[in-house]
Amino acid sequence: MGLDTRVFGDVVELHRWFRREQKQAGAKKPWAALSWESADSYDVNWYRLSRDRRSLEFYEPNGLNSGVIVADIAAWRNSEAPDQLSIAWDYEMPDQDALNVYFQHHRDEMLQLPFEWNWRGTRISGGVPAEKAQIEHFAGCGISRDSTTCSDHERP
């Protein structure tokens, strides 16, 4: 989890969800879960418009947010990801960009994390209300609790 998060839910439940979803995925066991960058639009993702990265393919249709990642570290080490990600680092990308590039071509290795586990506001998180947030991620609002500067973050 990023440093700009607050935990409200029981992360043991998140772990159980991840293990259940891994088992249901079948032979190719996903090693990571991330939520979409936005519930409804790939166009809002700033990184896909970056001049020096336009030749790279980012995760579509909505991009991925790396503020909260659930990962099976043993499975990650056994995947192709370390080599692929080290290549992505050559582009001097932050983690979120590198993960977007990687998972665009390795979709079977990840699960979509429900928005309540990386909640970034009702509009971004598919309409999930603040009171259902299990982990709140203050992306874009810093740690502001002032509703005039960060109206999305409504959870007391």
Side-chain angles (χ1 to χ4, degrees), residues 1-49 57-79 81 84-85 88 93-156:
M1 292 185 289
L3 294 175
D4 59 344
T5 59
R6 280 195 312 177
V7 177
F8 294 104
D10 183 351
V11 293
V12 171
E13 290 304 315
L14 177 57
H15 174 77
R16 287 183 184 135
W17 169 85
F18 184 65
R19 291 299 184 198
R20 262 192 324 269
E21 293 295 317
Q22 274 187 309
K23 287 178 187 172
Q24 290 178 5
K28 183 77 172 173
K29 187 164 96 170
W31 59 265
L34 294 92
S35 66
W36 284 352
E37 177 63 16
S38 161
D40 59 4
S41 177
Y42 183 63
D43 294 331
V44 301
N45 298 322
W46 63 269
Y47 49 79
R48 81 177 182 86
L49 300 174
E57 294 181 58
F58 287 90
Y59 189 89
E60 292 186 42
N62 300 75
L64 299 170
N65 183 277
S66 64
V68 177
I69 302 172
V70 181
D72 179 335
I73 300 300
W76 186 350
R77 289 180 178 138
N78 290 328
S79 74
Q84 294 292 331
L85 289 176
M93 294 182 178
D95 62 317
Q96 181 163 303
D97 290 3
L99 290 164
N100 269 273
V101 169
Y102 180 78
F103 284 121
Q104 173 63 14
H105 299 286
H106 298 87
R107 290 171 175 268
D108 59 340
E109 294 183 32
M110 68 155 284
L111 300 164
Q112 184 184 347
L113 184 67
F115 281 118
E116 59 262 21
W117 290 103
N118 186 5
W119 190 87
R120 287 163 287 131
T122 305
R123 290 184 309 236
I124 295 170
S125 300
V128 173
E131 53 277 355
K132 293 203 177 198
Q134 300 299 306
I135 297 175
E136 183 179 25
H137 180 189
F138 293 96
C141 293
I143 57 171
S144 170
R145 299 305 298 149
D146 177 3
S147 63
T148 61
T149 60
C150 189
S151 59
D152 270 350
H153 292 276
E154 303 153 352
R155 183 155 182 168

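Glu37 and Asn62 share no donor-acceptor pair across their side chains, judged by distance under 3.5 Å alone. Looking at Gln134 and Glu13, their side chains never bring a donor and an acceptor atom within 3.5 Å of each other.
Side chain of Ser125 to backbone of Arg120: a donor-acceptor contact under 3.5 angstrom is found. A donor-acceptor distance shorter than 3.5 angstrom exists from the side chain of Asn78 to the backbone of Ala74, with no hydrogens or angles considered. The backbone N or O of Pro30 sits nowhere less than 3.5 Å from a side-chain atom of Glu109 that would complete a donor-acceptor pair. Asn100 places a side-chain N or O within 3.5 Å of a backbone atom of Leu64 that can act as its donor or acceptor partner. In this structure a side-chain-to-backbone donor-acceptor pair under 3.5 Å is present from Trp119 to Val128.
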Evaluate the criterion side chain to side chain contact (heavy atoms under 4.5 Å, CB included) for residue pair Leu113 and Leu14; output intermediate values, then yes/no. CA-CA 9 Å; Leu113 184 67; Leu14 177 57; 3.6 Å; yes

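Contacts of Gln104 classified as side-chain contact (heavy atoms from CB on, under 4.5 Å), with partners at least two apart in sequence or in another chain: Glu57, Tyr59, Glu60, Arg107. For Val7, the side-chain contact (heavy atoms from CB on, under 4.5 Å) partners two or more places apart in sequence, or in a different chain, are Met1, Val11, Ile135. A search for side-chain hydrogen bond (donor to acceptor under 3.5 Å, both in side chains) contacts involving Gln112 returns nothing, not counting sequence neighbours. Every ring pair (Phe, Tyr, Trp, His ring centres under 6.0 Å) that Phe103 has, sequence neighbours left out, goes to Trp31. For Arg20, there are no side-chain hydrogen bond (donor to acceptor under 3.5 Å, both in side chains) partners two or more places apart in sequence or in a different chain. Among residues two or more places apart in sequence or in another chain, the side-chain hydrogen bond (donor to acceptor under 3.5 Å, both in side chains) test is passed with Gln22 by Arg19, Asp72.
Note that CH2 of Trp117 and OG1 of Thr5 are 12.0 Å apart. Values are rounded to the nearest 0.5 Å. One finds the CD atom of Gln24 at 9.5 Å from the CG atom of Leu111 (value rounded to the nearest 0.5 Å). One finds the CG atom of Asn118 at 8.5 Å from the CG atom of Leu34 (value rounded to the nearest 0.5 Å). In this structure, CG in Asn65 is found 5.0 Å from OG in Ser35, a value given to the nearest 0.5 Å.
Residues Trp17 and Ala33 come closest through the heavy atom pair CZ3-CB, 3.8 Å.
The residues Glu136 and Arg6 are annotated as salt-bridged, a charged nitrogen and a carboxylate oxygen being separated by less than 4.0 angstrom.
No more than 12 heavy atoms of other residues, nucleotides or ligands lie within 6.0 Å of NE2 in His15, so this atom counts as exposed by the packing criterion.
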